[in-house]
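The basis for the numbers below is simple: all heavy atoms, side chains too, and nothing from hydrogens, waters or symmetry mates.
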Amino acid sequence: MASASPEVEQSVTEVTDNYDIACWGCGLHILLPSCTSIFKCGWCGAITDQNKTKRDDKCVRWRLLRDRCFLCVVITFMLLVIFGGVWAIYPIVFSLSLLCGGFHSTIIAILSIATISFFSLAAFRCAGTPPNILWGSYPTVGKGDLENYTFCQYCSKPKSPRAHHCRSCEKCILDMDHHCPFIGNCVGAANHRNFIFFLISAVSSTIYISIMAAYASTRIWPPLKYSFGRLNGTSQQYLAWRVINEIIVAFLGSALLLSSRGLVLLYLFISSLSLQIGLIVLLWQQLSYIYQGKTYLSNLSSPTDNEEEKKDCQNLVRFFGFQYPVTRILPTFHVARKRHVK
């Protein structure tokens with residue numbers, strides 16, 4: 001015995017509450033569902049995000065003061081290292097020979113000028129201003145003129161996909177890599193190359209200073225006095241610990257007898273050695289991002305590899321401004337064909 005269940009008809013009514021909104025890029029009106037908060041204009045290509053609002057930033061003055069303090073500290077440190085190194089190292093170098101002193105004077109002059117010049121270009125040059133583009137009304141904005149552009153709530157103007165707003169500099173920066181407080185400026189499209197050259201010159205300078213400070217210290221360091229005593233009949237572990245302990249004590253005891261020139265050399269060696277480690281790490285990170293065709297901010301926003309971004313040495317070549325391949329610089333030899341005269 002089978003029982004038939006009655007069929008229940010169910011009907012679903014979709015209620016759509018559409019609303020009209022104007023595109024900020026071209027001014028055309030678009031009909032959107034009520035649940036849409038992010039949309040892209042089909043005419044100009046501008047992206048509108050209604051969830052983004054302007055936030056009040058009360059720490060702008062503190063960040064500006066921080067950048068100015070860091071900038072003054074870096075400039076003071078560079079001048080102290082340059083003039084302190086000349087005062088402490090070069091009397092010892094010139095005592096060897098006049099030719100040796102002149103050679104090292106030329107090296108320190110080149111490194112000092114290069115480091116200060118690239119630092120000034122990276123710190124006091126505009127990091128990169130996005131191009132001005134027409135927007136706001138339909139007749140002036142063509143199809144696709146604002147492709148993937150967004151509206152910056154802080155600058156109140158279009159922001160290109162390659163731009164990022166820096167709240168410390170209070171403006172949009174083209175191809176922004178990061179905001180560096182030590183130069184008091186952003187690193188962007190206009191000064192990124194100068195920032196890399198500054199890192200290269202700073203690393204070269206710190207390596208040179210650490211080597212010269214170590215060499216000059218050996219020339220004026222007081223003799224070490226050891227007091228090992230009797231070491232017969234002791235274990236190897238205790239013997240090694242005793243030797244290391246006596247060397248450290250003798251080194252510290254002789255350091256107390258250093259002159260003011262020796263103390264400056266010791267400071268130059270320690271500071272340059274510790275600084276070059278951080279600079280080498282930063283330079284390696286920057287070059288790896290350039291090799292990948294990315295910036296620091298683009299790597300944070302999209303850590304996964306993109307098919308359009310290829311890892312290639314040509315990224316480094318384009319970044320440093322070599323427009324032509326190396327083969328065009330090298331001389332080429334053409335084999336002339338023999339012509340037969342009839």
Assess whether ring-ring contact (aromatic ring centres under 6.0 Å, His included) is satisfied between F195 and H178, documenting all intermediate values.
CA-CA 11 Å; F195 182 73; H178 68 285; 5.6 Å; yes

My understanding is that only residues two or more places apart in sequence, or in another chain, count here; which of them pass side chain to side chain donor-acceptor pair (under 3.5 Å) with N132?
none

Donor-acceptor contacts, no H, no angles, side chain residues 183-191, under 3.5 Å, sequence neighbours left out:
from : atom 1 : to   : atom 2 : distance (Å)
N185 : ND2    : A122 : O      : 3.3
N185 : ND2    : A123 : O      : 3.3
N185 : ND2    : R125 : O      : 2.7
N191 : OD1    : G188 : N      : 2.8
N191 : ND2    : A122 : O      : 2.9
N191 : ND2    : C186 : O      : 2.8

Of all residues at least two apart in sequence or in a different chain, which pass the ring-ring contact (aromatic ring centres under 6.0 Å, His included) check with [X]?
{"X": "F70", "result": "F182"}
{"X": "F269", "result": "none"}
{"X": "F198", "result": "F119"}
{"X": "Y154", "result": "H165"}

Do the non-hydrogen side-chain atoms of S120 and I116 ever get within less than 4.5 Å of each other?
yes

Below 4.5 Å, heavy atoms only, C-beta onward: do V81 and S272 meet side chain to side chain?
no

When the side chains of residues 277-286 are checked against the rest of the protein, which donor-acceptor pairs come out under 3.5 Å, sequence neighbours left out?
from : atom 1 : to   : atom 2 : distance (Å)
Q286 : OE1    : H192 : NE2    : 2.8
Q286 : NE2    : D177 : OD2    : 3.1

Can you confirm whether [X] is buried at [atom1], in the sense that more than 12 heavy atoms of other residues, nucleotides or ligands lie under 6.0 Å from that atom?
{"X": "L65", "atom1": "CG", "result": "yes"}
{"X": "Y296", "atom1": "OH", "result": "no"}
{"X": "Y138", "atom1": "OH", "result": "no"}

By salt bridge (charged side-chain N to carboxylate O under 4.0 Å, His left out), which residues pair with [X], not counting sequence neighbours?
{"X": "R261", "value": "none"}
{"X": "R162", "value": "D175"}
{"X": "K40", "value": "E147"}

So which pairs with a foot in residues 66-78 pass salt bridge (charged side-chain N to carboxylate O under 4.0 Å, His left out), sequence neighbours left out?
none

Residues pairing under side-chain hydrogen bond (donor to acceptor under 3.5 Å, both in side chains) where one sits in residues 90-105, two or more places apart or in two chains, turn out to be Y90-Y208, H104-Y208

